Every structure is written in C-alpha cells, then in structure tokens.
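What follows is one structure encoded as structure tokens, with my remarks underneath.
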Amino acid sequence: MSVIAADGVTVRYGKKTAVDGVTLSVAPGSVYALLGRNGAGKSSLVRALLGMLQPARGRVTLFGEDVWQHRARLMDRIGVVSEEADAPPDARVRDLAWLSARMYSRWTQGAFDGRIDRFGISRNARYGDLSKGQKKQVALALALATSPELLVLDDPTLGLDVVARKSLFEEVIADMAERGLTVLITTHDLSAIETLADRIGVIKDGKLVLDDELEALKLRFRRVRYAGAPAALAMTAASSRAWGSGTEAIVTDYDDVAFERFRRETETSESTPMTLEEIFISVAGEEQR
C-alpha cells in the first residue's frame with residue numbers, strides 16, 4: 001500500500017488551474033522529490049496531498065484513507081516542515097514543544113531536546129529572535145519529535161546557507177535510517193536531493209511531466225553530441241542545439257545499441273550522462289527547440 005496516492009488531482013483557484021490531473025504514489029520508506037520551477041504548482045499539490053484544500057477533481061489517500069475525510073486523525077502520523085516556518089514571534093521554543101506534545105500522541109520530548117541541543121538553540125529563545133535557519137531547525141525538530149511515519153518537507157532549505165542545509169538533511173537522513181521514514185520533499189536544492197531521493201517527479205504548468213526512479217532517469221537521459229546537422233537519432237530527443245560545427249541533443253530514451261548504430265552512421269559522436277539538475281532543466285526549462 002502506498003503511503004501517498006493521488007489520483008487525477010486537479011486544484012483550481014477561480015479560473016486558474018494550479019494542478020492539472022496529477023496522479024502519483026509514494027512507497028513506504030522511500031524519498032519522493034517533487035521538483036518544479038516557481039509557480040509550477042508544487043505547493044498547491046502538497047496542500048491537496050495534506051488535505052489542506054479540497055481538489056476540484058480527483059482523490060488523495062494517505063495510508064490508504066481519504067485525506068479529506070480523515071485529515072484530523074491522519075495528521076497525527078505526519079510531520080510537516082513548510083516553506084516558511086511560522087509561529088507566534090513571542091512564543092518560546094519550549095512553548096512550541098509544550099503545545100506539540102499535547103497535539104501529537106507519539107510526541108518524544110527527548111528527541112526534540114536532543115536536536116535542539118545539536119542545533120545550539122536555547123529552549124528559552126523567543127521564536128521571533130531566531131534566524132531563518134534556526135526557525136527551520138526548530139520546525140524540523142518539532143516535526144521529527146512527533147515520531148511521524150511520513151515527513152513532508154516543502155522547500156525546507158529555501159534561504160538557508162550551506163551549513164544549515166547540510167545539518168537539516170543529516171537530521172532527516174538519520175531518522176530515515178533509524179525507522180524507515182517516508183519522505184515527500186519539494187526543493188530547488190537539486191545537488192543535495194540527488195544523493196537522497198529514490199523517485200523524482202517534475203511538475204510543469206500544473207502537470208506531472210516526469211515521474212520515475214532516479215536511477216532509471218539517469219540511465220535513459222543522455223547528452224549526445226555529433227558532427228554535422230541535426231539527424232534522425234533512432235532515440236527521442238527532448239531538445240537539440242548547435243554545438244560548434246555539430247549538434248548537441250538531449251536524449252530521453254537512451255539505448256546503448258541504438259547509440260552504437262547511430263555512432264557508426266555519423267562517424268563522430270559521443271554520449272555523456274546527465275546530472276539531476278541537467279535533467280530537470282531539459283524537462284522543466286524553457287520551451288524546447
């Protein structure tokens with residue numbers, strides 16, 4: 001059974017369609033990275049997945065239950081770190097923990113205290129006096145101390161420096177290793193998520209245009225360069241452009257046999273693997289040529 005299952009989810013704001021018929025699933029114990037440019041529909045989809053808004057069409061289940069009908073009960077099993085960590089500015093860190101302990105049945109005070117100590121944050125500190133990075137660290141400590149089965153991170157490293165980003169991901173990875181935590185994350189930090197994610201979804205203009213295992217993506221996306229003008233590749237080219245006196249193409253269904261045949265025909269050609277960032281740009285970047 002999937003931890004998250006979305007079936008044809010559409011989200012509208014008036015006449016504007018923010019999410020358009022998205023279907024996806026997140027397996028237990030996996031890390032699903034949902035990627036997209038600003039305004040692509042990521043946060044709207046996450047809100048629908050969490051039952052914070054009702055889709056115009058489609059259905060979402062969490063742990064096999066309809067999230068819109070059973071949200072109050074399901075949220076006890078979910079930890080959330082939102083894009084903009086928010087709490088009353090006058091609240092002390094210890095007060096936020098006190099409140100969470102009364103809202104979540106599996107609250108673990110020791111886990112919260114341990115993370116706050118590692119982050120070097122005083123329990124007496126006012127939330128409004130914390131830096132942006134410290135606020136995210138408090139939000140993560142609160143989320144993980146609820147002993148969640150599912151952790152949802154909505155662009156958690158936005159605005160953080162390198163040290164704070166590394167610290168945040170290390171805490172998530174440690175919990176994953178300890179208890180098989182399932183993670184859904186939206187992020188622009190593609191280099192970090194490349195070492196963490198099992199599956200990648202790319203949303204563009206509200207549509208899920210890519211949904212595959214990360215390793216499978218790396219196998220089938222290649223940059224192919226060859227001498228001469230654009231030619232039939234016997235493989236699907238997402239885009240092509242001039243490369244010196246030759247051509248560079250981004251291939252989305254790379255096959256060694258097909259490439260070897262093409263290489264013999266063109267005499268001079270080469271193929272190179274692509275990073276997740278390069279794959280993302282090829283799929284979600286400007287309109288392809």
Side-chain angles (χ1 to χ4, degrees), residues 26 31-40 42-47 49-50 52 75 77-101 103-104 106-179 181-197 277:
V26 180
V31 178
Y32 189 107
L34 182 64
L35 312 178
R37 299 178 67 177
N38 291 336
K42 300 186 304 297
S43 292
S44 293
L45 177 57
V46 169
R47 285 194 285 271
L49 296 179
L50 292 174
M52 298 171 67
M75 288 306 293
R77 304 168 68 180
I78 303 169
V80 180
V81 179
S82 61
E83 180 178 350
E84 291 294 335
D86 192 24
D90 290 332
R92 306 283 177 178
V93 171
R94 64 171 184 270
D95 298 331
L96 299 176
W98 180 90
L99 179 61
S100 293
M103 293 174 61
Y104 292 89
R106 294 180 292 185
W107 174 263
T108 307
Q109 186 66 38
F112 177 79
D113 291 340
R115 287 193 173 86
I116 290 298
D117 289 343
R118 285 196 295 277
F119 293 146
I121 299 173
S122 170
R123 294 169 185 74
N124 292 321
R126 293 174 63 255
Y127 186 80
D129 294 335
L130 300 178
S131 68
K132 188 168 188 175
Q134 289 174 321
K135 289 177 180 178
K136 288 287 183 74
Q137 288 173 328
V138 169
L140 181 65
L142 290 168
L144 291 176
T146 65
S147 304
E149 297 170 57
L150 168 65
L151 179 65
V152 177
L153 305 169
D154 191 5
D155 220 346
T157 61
L158 183 66
L160 302 190
D161 60 33
V162 174
V163 175
R165 289 201 303 269
K166 182 174 183 293
S167 176
L168 186 143
F169 278 121
E170 284 178 347
E171 291 295 324
V172 173
I173 292 169
D175 251 57
M176 287 171 54
E178 183 179 339
R179 62 170 182 259
L181 186 64
T182 303
V183 179
L184 171 68
I185 180 171
T186 73
T187 183
H188 292 94
D189 193 352
L190 301 188
S191 59
I193 205 63
E194 188 165 3
T195 64
L196 185 63
E277 181 174 327

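Note that the numbering runs from 1 along the sequence shown for the chain. On a predicted model such as this, the values are computed, not experimentally measured, just so you know.
- With respect to R106 and E149, a salt bridge is recorded, a charged nitrogen being found less than 4.0 Å from a carboxylate O.
- A salt bridge links D113 to R123: one of the charged nitrogens lies within less than 4.0 Å of a carboxylate oxygen.
- Taken to the nearest 0.5 Å, the CG atom of L144 stands 11.5 Å off from the CE atom of M176.
- A 4.5 Å side-chain heavy-atom check between R37 and H188 finds every atom pair outside the cut-off.
- The pair R126-D129 meets the salt-bridge criterion, since a charged nitrogen lies less than 4.0 angstrom from a carboxylate oxygen.
- Using modelled atom types and a 3.5 Å distance limit, the side chains of T186 and D155 yield no donor-acceptor pair.
- Of the charged side-chain nitrogens involved, at least one lies within less than 4.0 Å of a carboxylate oxygen, so that R179 and D175 count as a salt-bridged pair.
- Of all heavy-atom pairs between L181 and P148, the closest is CD1-O, 3.1 Å.
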Practice task
I would like to know whether K135 and Y127 meet side chain to side chain contact (heavy atoms under 4.5 Å, CB included); could you show each step before the answer?
Solution key: CA-CA 7 Å; K135 289 177 180 178; Y127 186 80; 3.5 Å; yes

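- The closest donor-acceptor contact from the side chain of R92 to the backbone of A125 lies at 3.5 Å or more, if one exists at all.
- Side-chain contact between T108 and F112: absent, with no pair of heavy atoms (C-beta onward) separated by less than 4.5 Å.
- The CG atom of L99 sits 14.0 Å away from atom CZ of R94, with the distance rounded to the nearest 0.5 Å.
- Separation of atoms CZ (R165) and OG1 (T187) is listed at 8.5 Å; rounding is to 0.5 Å.
- Closest heavy-atom contact between V81 and A139: CG2-O, 3.9 Å.
- Heavy-atom minimum distance, A197 versus A33: CB-CB, 4.0 Å.
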Practice task
Start with the C-alpha distance between L153 and L184, add both sets of side-chain angles, then the distance that settles side chain to side chain contact (heavy atoms under 4.5 Å, CB included), and finish with yes or no.
Solution key: CA-CA 6 Å; L153 305 169; L184 171 68; over 6 Å; no

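- With hydrogens and angles disregarded, a donor-acceptor distance shorter than 3.5 Å links the side chain of Q134 to the backbone of S131.
- Inter-residue side-chain proximity for K136 and L160 is flagged as met; some heavy-atom pair is nearer than 4.5 Å.
- Within the 4.5 Å cutoff, side-chain heavy atoms of I173 are placed close to those of L196.
- Between L50 and I78 there is a side-chain heavy-atom pair separated by less than 4.5 Å.
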Handout entry: From CA spacing to verdict: side chain to side chain contact (heavy atoms under 4.5 Å, CB included), T182, L151
Key = CA-CA 6 Å; T182 303; L151 179 65; over 6 Å; no

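- Between F169 and T157, some side-chain heavy-atom pair lies under the 4.5 Å cut-off.
- Under a cut-off of 6.0 angstrom, the local environment of CD in E277 is sparse, with at most 12 non-hydrogen atoms contributed by other residues, nucleotides or ligands.
- Side-chain contact between S100 and W107 is present, with at least one heavy-atom pair separated by less than 4.5 Å.
- For the pair V80/M75, a side-chain contact is recorded, criterion being any heavy-atom separation below 4.5 Å from C-beta on.
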Practice task
Begin with the C-alpha distance, continue with both residues' side-chain angles, and end with the deciding distance and a verdict on side chain to side chain contact (heavy atoms under 4.5 Å, CB included) for L150 and R77.
Solution key: CA-CA 7 Å; L150 168 65; R77 304 168 68 180; over 6 Å; no

